[in-house]
*Asks:* 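The structure is given below, and queries will be raised subsequently.
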Amino acid sequence: MIDPSWIPTPLPRVARPGPVEIGPLETARWRFRTSLATGLWLGAVVGSLRPEDLEAGRAAGIEVRRRLGRVRGIFVPLAQLLATWQARFPTTFVDELLRLQHQSLGFEPALARSAIERELRGPIESWFGSFEEHPFAAGAYAQVHRATRRDDGRSVVVKVLRPDIEALLDADLRAFGRMIRLVSLVRSVAHLRLGELLGELRRIAQDVTDYQREACGFRELRRTASDPWLGSLRVHEDLSTRRVLVIDRVEAPVLSEVLELMETEPDRARGWLEENGVSPRRLARRIYQTQLRQVLEESIFHAQPGPANIQVLRGDRFALLATGQMGRLDQAFQRKFTRFLRSLLSREYKDSVDRFVRFFDPLPPIDLYRLRSDLQRVFRDWDSRTLIRDLPYGVRSLSSLWAEVGRISNEYRIPSEWYLFRLDQGFLSVDLSMSRLHPRVDYHRELARYFRTSWRRAVPKALGSPGPLAAIGPRAIDRQLEDAGEDFANIVSRNSLDFQSTTGKITAVCAILFRQGRVLCLAAAAITFLAFLDRAVVPIRPDVRWSRLGAVLAGLPRLTAWDWALLSTLSLLGWRTAGQASERLVRKESRYRSLTD
């Protein structure tokens with residue numbers, strides 16, 4: 001529960017938002033066709049964009065944002081996913097996608113009441129002393145009502161899932177599955193791993209339609225909230241189910257409202273910030289430090305810490321909302337990512353490149369030396385940009401570095417890792433706040449500040465463990481051995497990647513030669529079979545229709561029909577053998593890569 005002394009004064013607003021409009025539910029009868037048409041239109045739009053077309057990207061982004069905001073469903077997280085592909089789209093297009101809001105029409109209060117009573121198995125009056133029938137907010141997946149508990153009178157908000165959302169998401173996913181199966185037939189997009197993209201969309205659909213997952217996210221944030229400036233909301237477990245979520249109500253503005261006031265009424269915003277002891281720069285640094293701590297230290301992190309999901313509290317404190325889409329990283333990846341950021345901070349770019357390449361094992365057959373050179377150039381260019389404070393925030397941020405790295409990865413056809421989508425989404429969401437609160441932030445200084453404070457947090461954790469005097473020594477030794485083993489593995493991996501790159505190229509060339517030989521064998525089998533028909537069954541004469549074919553057959557050697565049958569059989573045998581050899585080479589290379597991972 002948030003300390004009452006942290007609650008700020010009401011935010012002055014130029015105009016109070018009107019009541020949520022109520023609209024009809026959408027039927028799933030025509031949803032599949034709507035999703036299919038929208039998906040095809042979206043594919044045509046994004047396929048025509050080029051990273052350098054800034055004006056076209058802005059116009060396309062506005063149209064996509066408006067249309068996807070009306071369609072809702074799975075298209076909302078899809079827009080967020082497209083925003084992480086900064087290397088493939090103009091920056092103006094990505095900026096418009098990041099502005100996609102979740103506001104939507106509400107549904108009938110009677111439907112919300114019946115849904116709550118069905119989930120809680122009793123009338124609303126049995127659980128709540130007061131309940132506002134009309135929602136005060138509505139999004140793509142749910143609407144929210146104000147209420148108070150009947151037993152203790154505590155103010156809460158009741159979040160109710162839309163009755164039609166599960167059927168709509170199911171139709172959307174079926175339409176996307178069909179489109180992805182068709183697009184996956186194109187070999188040039190195989191490195192995008194669109195099947196894994198569909199799996200990630202399915203997981204998102206499960207997250208947004210199951211409030212038990214969001215309740216778990218709130219509990220994890222409360223358990224891991226070691227930052228003194230981070231407030232955590234309490235979930236009322238006895239009133240929360242899969243389709244209904246009840247949490248504490250905190251009368252505090254979200255960051256997006258504060259930023260809007262700072263842009264429209266700077267004097268009033270400055271007065272409110274001073275009254276509540278809020279410094280935009282300090283608040284931005286704390287948001288960034290919290291995101292780094294969750295990603296690098298905890299088992300779970302917030303995947304959407306954008307301005308709409310952050311409540312601003314007194315004294316540069318804040319609370320995180322909308323914990324449905326939480327990201328998880330295993331400890332092995334956390335260690336790799338931590339060491340990569342440390343090497344980036346110390347400007348050891350050769351080591352940074354080697355550690356970064358290991359994120360994407362196995363690699364396709366590429367020129368590894370050229371890839372390393374390009375990545376080192378990208379890291380150095382980003383470092384030089386961060387030193388110039390007057391440059392726009394967009395070219396100095398970590399997201400701009402990921403965008404450049406993504407462009408290089410796409411150029412070399414390195415397979416996409418969709419399990420990192422929520423990690424990219426989290427840092428992009430933080431950038432939305434940082435760019436407006438502290439556009440001149442020094443990322444090297446912030447990374448250095450994080451690593452200093454992380455060491456201070458590690459010591460109390462070790463001392464607080466059972467048997468501290470007996471555990472500190474072995475843990476420290478284990479960690480040193482682990483770091484040494486990681487460094488040795490990095491050296492071995494660097495050499496194995498060189499060998500892998502060379503053998504991969506040889507394998508790829510041989511596989512191509514076998515595939516071309518297979519085509520030639522198939523053509524030879526067809527010609528020899530026609531020659532057999534011409535000699536043994538029906539002679540093919542060089543008339544008007546078959547002039548070229550007849551001329552070719554007439555120019556063939558004078559062999560018997562059975563000789564041509566034997567040659568046709570041998571050609572088919574060569575076609576089959578070439579195919580088996582090509583598949584064996586690919587399978588052997590895949591097995592080798594799996595052993596070297």
*Asks:* Between Arg286 and Asp227, does any NZ, NE, NH1 or NH2 come within less than 4.0 Å of an OD or OE carboxylate oxygen?
*Replies:*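 Result for this pair is no, no salt bridge flagged.
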*Asks:* Could you give the distance from CD (Gln294) to CG (Leu329), rounded to the nearest 0.5 Å?
*Replies:*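 Answer rounded to 0.5 Å: 11.0 Å.
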*Asks:* Rounded to the nearest 0.5 Å, how far apart are CZ of Arg436 and CG of Leu255?
*Replies:* 8.0 Å
*Asks:* Suppose we screen for side-chain hydrogen bond (donor to acceptor under 3.5 Å, both in side chains). Which residues come up paired with Trp6, at least two apart in sequence or across chains?
*Replies:* none
*Asks:* Can you list everything that forms a salt bridge (Lys or Arg N to Asp or Glu O under 4.0 Å) with Arg58? Sequence neighbours excluded, please.
*Replies:* Glu55
*Asks:* With side chains defined as the heavy atoms from C-beta onward, is the minimum distance between Glu26 and Leu168 less than 4.5 Å?
*Replies:* yes
*Asks:* Taking the side chain as everything from C-beta on, heavy atoms only, tell me whether His134 gets closer than 4.5 Å to Ile22.
*Replies:* yes
*Asks:* How would you list, by chain and number, every residue that makes a ring pair (Phe, Tyr, Trp, His ring centres under 6.0 Å) with Tyr443, sequence neighbours excluded?
*Replies:* Tyr288
*Asks:* Side chains of Tyr211 and Glu119: do they bring a donor and an acceptor to under 3.5 Å?
*Replies:* no
*Asks:* For the pair Glu117 (side chain) and Ala112 (backbone), establish whether a donor and an acceptor sit closer than 3.5 Å, ignoring hydrogens and angles.
*Replies:* no
*Asks:* Excluding sequence neighbours, so at least two apart, what forms salt bridge (Lys or Arg N to Asp or Glu O under 4.0 Å) with Asp170?
*Replies:*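 Only Arg174 meet the salt bridge (Lys or Arg N to Asp or Glu O under 4.0 Å) criterion with Asp170.
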*Asks:* Run the numbers on Ile287 and Ile310 for side chain to side chain contact (heavy atoms under 4.5 Å, CB included), then give the verdict.
*Replies:* CA-CA 9 Å; Ile287 292 173; Ile310 296 177; 3.8 Å; yes
*Asks:* Calculate, to the nearest 0.5 Å, the distance between atoms CG and CD1 belonging to Leu68 and Ile74 respectively.
*Replies:*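 Reported to 0.5 Å precision, the distance equals 11.5 Å.
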*Asks:* Just so I know, are the side chains of Leu36 and Phe176 near enough to count as touching, which here means a heavy-atom distance under 4.5 Å?
*Replies:*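 A side-chain contact under 4.5 Å is absent here.
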*Asks:* Can a side-chain donor-acceptor contact be found between Gln304 and His302 if the only test is distance below 3.5 angstrom?
*Replies:*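 Result is no, nothing qualifies.
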*Asks:* Using modelled atom types and a 3.5 Å cut-off, is there a donor and acceptor pairing between side-chain atoms of Arg213 and backbone atoms of Val208?
*Replies:*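 Checked: no pair found.
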*Asks:* Please assess Val235 against Leu245 for the test side chain to side chain contact (heavy atoms under 4.5 Å, CB included), listing each intermediate value before the final yes or no.
*Replies:* CA-CA 8 Å; Val235 178; Leu245 180 67; 3.9 Å; yes
*Asks:* Mind checking whether Glu200 and Arg422 have side chains closer than 4.5 Å, heavy atoms only?
*Replies:* yes
*Asks:* As an exercise, state the distance from CZ of Arg154 to CZ of Arg249, rounded to the nearest 0.5 Å.
*Replies:* 12.5 Å
*Asks:* In chain order, what residues pass the salt bridge (Lys or Arg N to Asp or Glu O under 4.0 Å) check against Glu237, with sequence neighbours excluded?
*Replies:* Arg219
*Asks:* For Ser155 and Asp248, test the side chains for any donor-to-acceptor distance below 3.5 angstrom and give the result as yes or no.
*Replies:*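 No.
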*Asks:* How would you list, by chain and number, every residue that makes a side-chain hydrogen bond (donor to acceptor under 3.5 Å, both in side chains) with Asp238, sequence neighbours excluded?
*Replies:*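 Scan of Asp238 (side-chain hydrogen bond (donor to acceptor under 3.5 Å, both in side chains), adjacent residues dropped) gives Arg149.
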*Asks:* For a quick test of your reading: what N or O donor-acceptor pairs under 3.5 Å do the side chains of residues 126-133 make, sequence neighbours left out?
*Replies:*
from   : atom 1 : to     : atom 2 : distance (Å)
Ser130 : OG     : Thr148 : OG1    : 2.6
Glu133 : OE2    : Arg113 : NE     : 3.1
Glu133 : OE2    : Arg113 : NH2    : 2.4

*Asks:* Looking only at heavy atoms, which two atoms of Gly43 and Val46 are closest? And how far apart?
*Replies:*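 Where Gly43 meets Val46 most closely, the heavy atoms are O-CG2, 3.5 Å.
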*Asks:* Under the ring pair (Phe, Tyr, Trp, His ring centres under 6.0 Å) rule, collect the residues that match up with Phe356, sequence neighbours excluded.
*Replies:*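 Phe340, Phe359, Phe360.
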*Asks:* With distance as the sole test, does Gln291 use its side chain to make a donor-acceptor pair with the main-chain N or O of Ala303 at under 3.5 Å?
*Replies:* no
*Asks:* Quick check on Glu260: does its CD atom have over 12 non-hydrogen neighbours (other residues, nucleotides or ligands) under 6.0 Å away?
*Replies:* no
*Asks:* What pair of heavy atoms forms the shortest contact from Gly57 to Pro90, and how long is it?
*Replies:* CA-CG, 3.9 Å
*Asks:* Contact between Val156 and Leu239 at the side-chain level, heavy atoms closer than 4.5 Å - yes or no?
*Replies:*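 No, too far: nothing below the 4.5 Å cut-off.
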*Asks:* Using the rule given for side chain to side chain contact (heavy atoms under 4.5 Å, CB included), can you reason through Leu401 versus Val378, listing the C-alpha separation, both sets of side-chain angles and the distance that settles it, and then say yes or no?
*Replies:* CA-CA 7 Å; Leu401 174 62; Val378 167; 3.8 Å; yes
*Asks:* So that I can tick it off, tell me whether Arg268 and Glu263 are bridged by a salt bridge, with the cut-off set at under 4.0 angstrom between side-chain N and carboxylate O.
*Replies:*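 So Glu263 does not pair with Arg268 through a salt bridge.
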*Asks:* Minimum heavy-atom separation for Arg314 to Thr9, with atom names?
*Replies:*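 Heavy-atom minimum between the residues: NH2-CG2, 3.4 Å.
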*Asks:* Minimum heavy-atom separation for Leu42 to Leu78, with atom names?
*Replies:*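 It is CD2-CD2, 3.6 Å.
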*Asks:* For a 4.5 angstrom cut-off between non-hydrogen side-chain atoms, does Leu11 reach Leu261?
*Replies:* yes
*Asks:* Sequence neighbours excluded, which residues qualify as side-chain hydrogen bond (donor to acceptor under 3.5 Å, both in side chains) partners of Asp210?
*Replies:* none
*Asks:* Specify the closest pair of heavy atoms between Val250 and Gln311, including all atoms of both residues, with the distance to one decimal.
*Replies:*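 In this case the closest contact between Val250 and Gln311 is O-NE2, 3.0 Å.
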*Asks:* Is a donor from one side chain sitting under 3.5 angstrom from an acceptor on the other, for Trp402 and Ser397?
*Replies:*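 On atom types as modelled, these side chains do not qualify, holding no pair under 3.5 Å.
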*Asks:* Given side chains that start at C-beta, do those of Arg178 and Phe32 come closer than 4.5 Å, heavy atoms only?
*Replies:* yes
*Asks:* Under 6.0 Å from the six-membered ring centre of Trp382 and within 45° of its axis: does the NZ or CZ of Arg396 meet both?
*Replies:*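 Negative - Arg396 is either too far from the ring of Trp382 or too far off its axis.
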*Asks:* Among all residues two or more places apart in sequence or in another chain, which pass the ring pair (Phe, Tyr, Trp, His ring centres under 6.0 Å) test with Phe301?
*Replies:* none
*Asks:* Considering residues, nucleotides and ligands other than Arg66, do more than 12 of their heavy atoms fall under 6.0 Å from its CZ?
*Replies:* no
*Asks:* If you round to the nearest 0.5 Å, how far is CG of Asn276 from CG of Leu313?
*Replies:*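 Here the interatomic distance stands at 9.5 Å.
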*Asks:* With rounding to the nearest 0.5 angstrom, report the CD to CG distance, Glu297 to Leu292.
*Replies:* 9.0 Å
*Asks:* Could you walk me through whether Val254 and Asn309 pass the side chain to side chain contact (heavy atoms under 4.5 Å, CB included) test, one step at a time?
*Replies:* CA-CA 7 Å; Val254 293; Asn309 293 329; over 6 Å; no
*Asks:* Can you give me the closest heavy-atom contact between Gly306 and Ser433, atom names plus distance?
*Replies:* C-OG, 4.2 Å
*Asks:* Do Pro163 and Phe107 have side chains that get closer than 4.5 Å, going by heavy atoms?
*Replies:* yes
*Asks:* Only counting residues at least two apart or in another chain, list the ones meeting side-chain hydrogen bond (donor to acceptor under 3.5 Å, both in side chains) with Glu220.
*Replies:* Arg223
*Asks:* Which residues pass the salt bridge (Lys or Arg N to Asp or Glu O under 4.0 Å) test with Glu21, sequence neighbours left out?
*Replies:* none
